[in-house]
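To start, the structure itself, in structure tokens.
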Amino acid sequence: MPELPKTYTPAEVEERWYQKWLDDKCFEADPARVSETRPAYSIVIPPPNVTGILTLGHVLNNTIQDILCRRARMLGKEVLWLPGTDHAGIATQNVVEKTLRKQGEIRHRNDLGREKLVEKIWEWKEKHGGIIIQQLKKLGASCDWSRERFTMDADYSRCVQDVFVDLYKKGLIYRGRRMVNWCPVALSAISDEEVVMKPQKGFMYHFKVEVVEEPGTFLEIATTRPETIPGDTAVAVNPNDPRYAKLIGKHIRRPLPVENQAEIPIVGDDHVDFEFGTGVLKVTPAHDKADFAIGERHNLEIIDVMHPNGTMNLIAGNDLAGLDRFAARKKAVELLQESGAFVKEEPHQNNVGYSERADVPIEPRLSDQWFLKYPSVKESTDVVADGAMRFYPDRWAKVYDHWMNGLQDWCISRQLWWGHRIPVWYHKTEDQVHCDVTPPSDPENWEQDPDVLDTWFSSWLWPFATMGWPEKTDSLKAFYPTTDLVTGPDIIFFWVARMIMAGYEYMGELPFKNVYFTGIIRDKQGKKMSKSLGNSPDPLELISKYSADALRFGIMRGAPLGQDILFDEKNVELGRNFCTKLWNAARFRQMQGGSHEGEIDPTLLTTDDKWILLRLNTAIEEVTTALEEYRFSDAASSLYRFFWSEYCDWYVEACKATLQGDDAKRQANALAVMDFVLGHTLRLFHPFLPFITEELWHGMGFSKDMPADQGGDSIMTAPWPKPLDADEQTHFGLLPEDEKTANDRYETVNLGRGLKSAFNLPGNKRVRYILKPANELAEHDVEVLRILLNAEPLDVDPAAAPAKGTPTVLTPLGELFLPLDGLIDVEAERARLTKEMEKVTAELHKVLAKLNDENFTSKVPEKVLQDHKHRAADWAEKKAKLKEMLAALG
RNA sequence: GCGUGGAUAGCUCAGUGGUAGAGCGGCUCGUUUACACCGAGUUGGUCGGGGGUUCGAAUCCCUCUCCGCGUACCA
């Protein structure tokens, strides 16, 4: 076996192994291999935006998926991780339009026209799209790239059309003139889910109008949007409001536009809250959802006073026409002031809906759009409520349930060019509609609906449309429903809920069995990572600086289930350091030489050997359980602790006693134990650290132990470690008390080191210790103690009686003395012992106080009582010893 | 409003009824048979406030404060 290089070079290693895995088709899933003994495991990737670049959110999300997939492979499952990208309608069209504008090719999309622009976007997609796919490879993602899908692939588009036509024929998709959320920048309708509410500081403007039928009677109206007054077609009061009820049916004169102060009615409507504002509401059915509803109830005229881009139109009047809605607001106030209608303005905070994408206030707007009444709602609600589909963390189930019980029809049409065009044609002369996946036979007489579908109307089919639906393909048969879905809670409604409904509607079954919701990545201050804040580090830079393994480990160790993640580069550094530690521990083993094929001889196991085997068992159990419960950070922490604090810090150091000795058999046995532990550890780590574990697996010769079928000798397909069962533990002679024996020893070492440091002796200075053992110690155990204490020599003397004032510490193995030739400072030792005495006395008092309390002793469980009694005895014994020691000082 | 998560060492978090923990940071020492991306030692906490249940509360209950998220909103 060639020697491992002194330093680990992740960039070269990661590149090399990823290519090898690809060449060997290690990630490719074959439905034909699925069987009773080889169950399927599948995940569909949440398809990133085709224009996207890797963010830390993607790193988190995809590392989790990769861990799940890699572990499933090691458990002997046939694994499909299906990758792909999303065409992301608005976002992509924006990116490309912007690029073209920057390059001076166009000023507006109309310069190119629909066909040309779509062509340009495709070109752009082929050239620059899917960068993120290459970036995912750098991260080590073990996706089956041979199955990469795009939501606008021809067959995928066909699925989208099929579904549209089907839902149309079922009467669930309909076209209607409704109030929608209109984005004045994108010039498109958007869904309720794409609107984010933001608190706004603004003003509440009051103005008064005279009741036409009762001159001298004025109504005061409060509004935040005076620019929409020209669109008012009524004012509304609550019919139960004693102040105004009698005015219902009468009229007022609308103050704007100045040149058209029409008379509009006063209507009574329960919607009006008479405690809010003045209790009089102006009703603008064209520009407010609630007002639209009032308008419908009272059959009011609808007057649209705005252009689609948010500027005022001519109907708004000469003073306002052409102004942007916010400029028009100011102008409208001025006009009211001029006419004397203005009363006052008051600062007012309210919530305004913003277009998530363009970050501008949306404009409620009446327009013709396509809507979907959600299908399979009941099954989809029940499956989560019943727990048949599990959410992790499960509190999201409640959020889901809440949304499912308040479903509003989904506005699925978008006034964009990039996307799946709605498969509906209108007859040019007759009132006919053709909805089908194929155009009408006489296309010259028909015109296709210009709109495209909301991107999510394609993503919601992702779990099955990527596997060949509507054919009943082998892949669908083998891998649907998928096993796990890993995504952020921010798209629970956008995507998760809709996939569940589509799954039931078209596959008759749930699309995935478990949903893991990741946390949201924030910076150290807790701010959300975003490009505009510039607080989002580039994962690729982190990879080149620290390695992909380091990034994966760092982010997973700090990502507890259900919590947001405060990202700190320190965590990645920790990951890098850990990889280095792993590398060096492997090198240490290799430097001892010897074959790694040595069998462990149970009769030669030392206390330390047994201890590490027991600790390994615990680690395997902890990691396995944690992963089964999706507690990735716990799994990572367990591994970290086991390998660094237990294997490296104690076991390897203790082994040096054997390795320095001259018993060849014992040495070989120690190496066999190391190999056993390392072989297991590498496999436990592989899902987290795929690259370095593969490199060491091969570099240390573990690979050839494994059967070379399926995936060859890669650690990827090595079996997932199992804890030793009872028989194996018997075989190795492992007993639970072995752990205590070793722990007593390590505690003794700790205490001895503390003593040394208390007297300012450098850790590397070899000093003499004397142990007055409480029980007899084997020669080997003494040697281990000597090495770990860095003692030279370590005298074991049951009759030890060192000079007065010799620093002494009580250990589980007996009294340990640190003779300081000629340097004894009696007062210093007295001070140290006195301090110790105070501590022990305080602890003893605490326990005794409880034990002397009748209330305690009579009510507490027997086990707790015994624990306390033992503790009291321990402290008492320590106290007695300390007293003796202090007395000896004179 | 309603729902939901959180507040434990300087920082990030673990700890769900029985002796308050880890990692990082800080400080001290250090070229020991791998590893300074390291080792040894050490310093850090009346567990957000108040009340209750209990022999016993970081842990269970109530309440308040603050931070976050979701959702619904009144012009």
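For clarity, every value in this text was computed on a predicted model and none was experimentally measured. Order of the sequence lines sets the chain letters (A, B, ...), proteins ahead of strands, with each chain counted from 1.
- Between A/His287 atom NE2 and B/A75 atom P there is a gap of 17 Å when expressed in whole angstrom units.
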Exercise. Going through the distances and angles, do A/Ser191 and A/Glu194 end up as a side chain to side chain donor-acceptor pair (under 3.5 Å)?
Worked result: CA-CA 5 Å; A/Ser191 66; A/Glu194 291 166 278; 2.9 Å; yes

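- In this structure, A/Leu696 atom CG and B/A34 atom P are separated by 18 Å, rounded to whole Å.
- Residues A/Phe493 and A/Trp403 place their aromatic rings such that the two centres sit under 6.0 Å apart.
- Using a 4.0 Å heavy-atom criterion, one finds that A/Lys850 contacts no nucleic acid atom at all.
- One atom, CZ of A/Arg786, and another, P of B/U32, lie 16 Å apart when rounded to the nearest Å.
- Closest to the side chain of A/Val652, from the set B/A34, B/C37, B/G23, is B/A34.
- When heavy atoms are screened at a 4.0 angstrom cut-off, A/Phe493 is found touching the sugar-phosphate backbone but no base atom.
- Nucleic acid contact for A/Pro393: none, since no nucleic acid atom lies under 4.0 Å from a heavy atom of the residue.
- Between B/G1 and B/A14, the distance separating the two P atoms is 29 Å to the nearest Å.
- A glycosidic torsion no more than 90° from 0 defines the syn conformation, and B/G44 adopts it.
- In this structure, A/Lys581 reaches the B/G39 phosphate: one of its side-chain N or O atoms is under 4.0 Å from OP1 or OP2.
- Comparing the P positions of B/G3 and B/C64 gives a spacing of 13 Å, expressed to the nearest Å.
- Among the protein residues, A/Lys863 comes within range of no part of the nucleic acid, since none of its heavy atoms lies under 4.0 Å from any strand.
- Among the protein residues, A/Asp867 comes within range of no part of the nucleic acid, since none of its heavy atoms lies under 4.0 Å from any strand.
- Under a cutoff of 6.0 Å and an axis angle of 45°, A/Arg615 and A/Tyr651 do not form a cation-pi pair.
- Separating the P atom of B/C27 from that of B/U43 is a span of 15 Å, rounded to the nearest Å.
- Residue A/Glu843 contributes atom CD, which lies 17 Å from atom P of B/G18 at whole-angstrom precision.
- Closest approach to the A/Phe588 side chain among B/G18, B/A34, B/A20 is made by B/A34 (side chain taken as heavy atoms from C-beta onward).
- Between A/Tyr516 and A/Phe632, the ring center distance clears the sub-6.0 Å criterion.
- Residue-level contact check: A/Asn350 touches the backbone only, with heavy atoms under 4.0 Å from sugar-phosphate atoms and none from bases.
- Residue contacts for A/Cys648: at a heavy-atom cut-off of 4.0 Å it reaches a base atom on one of the strands shown.
- Distance from the side chain of A/Asp853 is smallest for B/C55 among the nucleotides B/G23, B/A75, B/C55.
- Here the P atom of nucleotide B/G70 and the NZ atom of A/Lys198 are 12 Å apart, to the nearest Å.
- With a cut-off of 3.5 Å on both pairing distances, B/A9 has no Watson-Crick or G-U wobble partner at all.
- Within the nucleic acid shown, A/Ser757 comes within 4.0 Å of sugar-phosphate atoms alone, with no base atom in reach, counting heavy atoms only.
- Residue contacts for A/Val847: at a heavy-atom cut-off of 4.0 Å it reaches no nucleic acid atom on any strand shown.
- The pairing partner recorded for B/A36 is none, the criterion being a Watson-Crick or G-U wobble arrangement whose two distances lie under 3.5 angstrom.
- Taking the P atom of each, B/G56 and B/A20 are spaced 16 Å apart, rounded to whole Å.
- In this structure, B/C55 forms a base pair with B/G18, meeting either the Watson-Crick or the G-U wobble geometry with both donor-acceptor distances under 3.5 Å.
- Residue A/Leu574 is classed as a sugar-phosphate contact, given heavy-atom separations below 4.0 Å to backbone atoms only.
- A 4.5 Å side-chain heavy-atom check between A/Leu300 and A/Phe292 finds every atom pair outside the cut-off.
- Under the side chain to side chain contact (heavy atoms under 4.5 Å, CB included) test applied with A/Tyr8, the options A/Thr580, A/Leu582, A/Ile692 reduce to a single match, A/Ile692.
- Look at B/G68: its Watson-Crick or wobble partner, with both distances under 3.5 angstrom, is B/U4.
- Here B/A72 presents its P atom at 11 Å from CH2 of A/Trp403, a figure rounded to the nearest Å.
- Taken to the nearest 0.5 Å, the CD atom of A/Glu363 stands 6.5 Å off from the NE2 atom of A/His287.
- The six-membered or imidazole ring of A/Tyr400 lies away from that of A/Phe517, with a centre-to-centre distance of 6.0 Å or more.
- Of the nucleotides present, B/G41 is the one that pairs with B/C27 by Watson-Crick or G-U wobble criteria, both distances under 3.5 Å.
- Judged by Watson-Crick or G-U wobble contacts below 3.5 Å, the nucleotide B/C47 has no partner.
- Rounding to whole angstrom units, CG of residue A/Asn790 and C1' of B/G41 are separated by 14 Å.
- Across all strands shown, A/Arg395 has heavy atoms under 4.0 Å from sugar-phosphate atoms exclusively, and none from any base.
- Of the candidates B/A75, B/A40, B/G18, the closest approach to any side-chain atom of A/Arg753 belongs to B/A40.
- Contacts of A/His402 with the nucleic acid, taken as non-hydrogen atoms under 4.0 Å apart, involve only primed sugar atoms and P, OP1 or OP2.
- OP1 or OP2 of B/C35 has at least one side-chain nitrogen or oxygen of A/Lys6 nearer than 4.0 Å.
- Listed candidates were B/C35, B/G18, B/G70. Nearest to the side chain of A/Val399 is B/G70.
- Both the sub-6.0 Å distance and the 45° axial angle are not jointly satisfied by A/Lys581 relative to the ring of A/Tyr647.
- Residue A/Asn750 is the one, among A/Asn750 and A/Thr278, whose nearest nucleotide of RNA chain B lies closer to the 5' end (criterion: closest heavy atom).
- Both distances falling under 3.5 Å, in either a Watson-Crick or a G-U wobble arrangement, occur for no nucleotide opposite B/A75.
- Across B/G3, B/A75, B/A34, the shortest atom-to-atom separation from the side chain of A/His348 is found for B/A75.
- Residue-level contact check: A/Arg557 touches the backbone only, with heavy atoms under 4.0 Å from sugar-phosphate atoms and none from bases.
- Between A/Glu854 atom CD and A/Lys859 atom NZ the span is 9.0 Å, to the nearest 0.5 Å.
- When each of B/C35, B/C55, B/U32 is scored by its nearest atom to the side-chain atoms of A/Arg766, the top-ranked nucleotide is B/U32.
- Taking the P atom of each, B/G68 and B/C13 are spaced 15 Å apart, rounded to whole Å.
- No hydrogens or angles were tested; on distance alone, nothing pairs the side chain of A/Lys570 with the base of B/C24 as donor and acceptor under 3.5 Å.
- Remark: the separation of the C1' atoms in B/C47 and B/A57 is 11 Å, to the nearest Å.
- Checking A/Asn577 against A/Asn855, the closest nucleotide of RNA chain B that is more toward the 5' end is the one next to A/Asn577.
- What separates NE2 of A/His868 from P of B/U19 is a distance of 7 Å, to the nearest Å.
- With C1' as the reference atom, B/C61 and B/G17 are 13 Å apart, rounded to whole Å.
- Nucleotides B/U65 and B/G49 are separated by 15 Å at their P atoms, to the nearest Å.
- Residue A/Glu653 places a side-chain atom within donor-acceptor reach of the base of B/A34, judged by atom type and a 3.5 Å distance cut-off alone.
- Using a 4.0 Å heavy-atom distance criterion, A/Arg871 is classed as a base contact.
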